[in-house]
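Remarks on the structure that follows.
To find a chain, count down the sequence lines: A is the first, B the second, and so on, and within it residues start at 1.
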Amino acid sequence: MKRFWVAIVAVFGVLLTACGRGSTGSTPEAKTLTVFAAASLTESFTELGKKFETDNPGVTVKFNFGASSDLAQQIVNGGPADLFAAASPATMKTVTDKALGDGTPVDFVTNELQIVTAPGNPKGIKTFADLANPAIKVVVCAPQVPCGAAELAVEKATGVDIKPVSEEPDVKSTLGKVTTGNADAGLVYVTDVLAANKAKPTVDGVSFPEAKQALNKYPIVVIKNAPQADLARKFLELVRSEAGKKVLQAAGFVVT
Amino acid sequence: MNRPAVLARRARDRHQISVGLPTLIWLPAAIGFALIVLPVAGLGLKTDWPRLPELIFSESALDALRLSMITSSISTVLCILFGGPIAVILARSRIGGLRLLRALVLLPLVLPPVVGGLALLFLLGRTGLVGRGIETAFGFTIPFTTAAVVLAQTFVAMPFLVVSLEGALRTAGQRYEAVAATLGASPMHAFRRVTVPLVLPGLASGAVLAFARCIGEFGATIAFAGSLQGTTRTLPLLVYLEREADVDAAVALSLLLVVVAVVVIAVARPRFVEGQT
């Protein structure tokens, strides 16, 4: 048994010294811009990335799409991002709180909630208040995630009390419960409905005026001391340009 | 239990010459141990200890813990009821196609749990093959219920029970059953009085494995059952959700999950495995 512990101590020692040395031998890749962006930006940013590569020969744009909170955690823990586009001010705050933002983040788009139903809207859902009907199985996002926080804000503003059958951990998961037919309705973003119908019509989207009371803002910021900070600023310009606006609007975002 | 056999084994153990382990074995063992333990120890370092009680005794955490314990217990019983007989057939039967059967039973081990959850959804969901029939016949649907959590857990955990029990059955061999048969015991009688007591330790360790797998189950549950406090939101689902908003809470709940797992494995396993039930 003693030998086991000696070996363990040895292994831990080696690991610790290895950690201490860190990664010194990394050579900067020739012009690769790394963008961390919220999953809902996948389609529009991929398109903008292709345009950016055409406009700037020799530059490769690499994307890391995911839940904004995960991306923020990755950046705080040393993730190699040059530019970060988050789906909520709260997740952006994780990064700026650690002084990792180069300047103040700007809100570049907003996204609003939409009711999503099965194709043809078989339950005839027309308003947000219809979702309080106990005969309708509704899925929403959990209040911990931005789409759930927005949904809760609408509930508070309207006084409508929705009893969901499930509070999903992310918006795609919410959408999935409707596209598979297991829930009658869900609350997702306009962009998710458009994305779901891109290949073939799979769901119906029902807009409701109260959604305007809980717009979700998307902030974007260049990361401080990023290896490709200049490229990141250029990409940010593209996002804010007329061409960028067009792509984002086509995906369902409201450009601010 | 067949006490004479146990006593004989112990006597044999006492007279055995102690054989040392080759020194070379310690190093890879230590690396493996470090790989398992270091990340979990890292959780402890990241924990916000002053807030820990508040975080793990919150209403949502207690609901999730209770739900996890209840569903995992039911699922483990289902694994024994249905997986046990599968293991017996795999170990003892001579029917053809056993090899294929074994491969199929092990599928949930290779399948990503989310895919397993989707598969369950496509079968038992409201628009699924069987699910649609259940809704028209009985007027209820399975997704979003606690039953869906149990089904998801049973699906992913059953192979663990089958594999360890089949191993135990093969190791035990059929000598005693053959003797029982020559003494006139019917197959059922021999199974009940000889086979089952003989593999009880294997069954218990398989059940503990299955229970542990149920406690940690996430992917199939979120895909098939959804996530609602008190109904379908088990501890791993709560951890996944909390990490979106409050990483400290997620870490604290993970620690709770680790403690539950360690208690289950460390307390239950050795006692059962050594057959001193």
*Can you tell which of Q144(A), E167(A), E168(A) makes a side chain to side chain contact (heavy atoms under 4.5 Å, CB included) with L241(B)?*
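So the option named by the test is Q144(A).
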*What residues of residues 111-131 of chain A sit under 4.5 Å from chain B when only non-hydrogen atoms are counted?*
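No residue falls under the 4.5 Å cut-off.
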*Has the side chain of N182(A) got a donor or acceptor atom that lies under 3.5 Å from a matching backbone atom of R126(B)?*
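Present.
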_For S166(A) against S227(B), the heavy-atom pair lying closest together_ =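 Answer, listing the atom of S166(A) first, then S227(B): OG-N, 2.6 Å.
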*If you tally heavy-atom pairs under 4.5 Å against chain A, which of L228(B), L121(B), L237(B) wins?*
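Sorted descending by pairs with chain A, the first entry is L228(B).
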_I'd like to know which of V165(A), T91(A), V139(A), T180(A) tops the heavy-atom pair count under 4.5 Å against chain B._
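The residue among V165(A), T91(A), V139(A), T180(A) with the greatest pair count is V165(A).
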*Report, as yes or no, whether the 6.0 Å neighbourhood of atom CG on L24(B) holds more than 12 heavy atoms from other residues, nucleotides or ligands.*
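No, not enclosed.
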*Is the number of heavy atoms from other residues, nucleotides or ligands within 6.0 Å of NZ (K172(A)) greater than 12?*
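Yes, NZ of K172(A) has more than 12 neighbouring heavy atoms, counting only those of other groups under 6.0 Å.
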*Which bit of I222(B) comes within less than 4.5 Å of chain A, counting heavy atoms only: side chain, backbone, both or neither?*
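Its backbone and side chain both get close to chain A.
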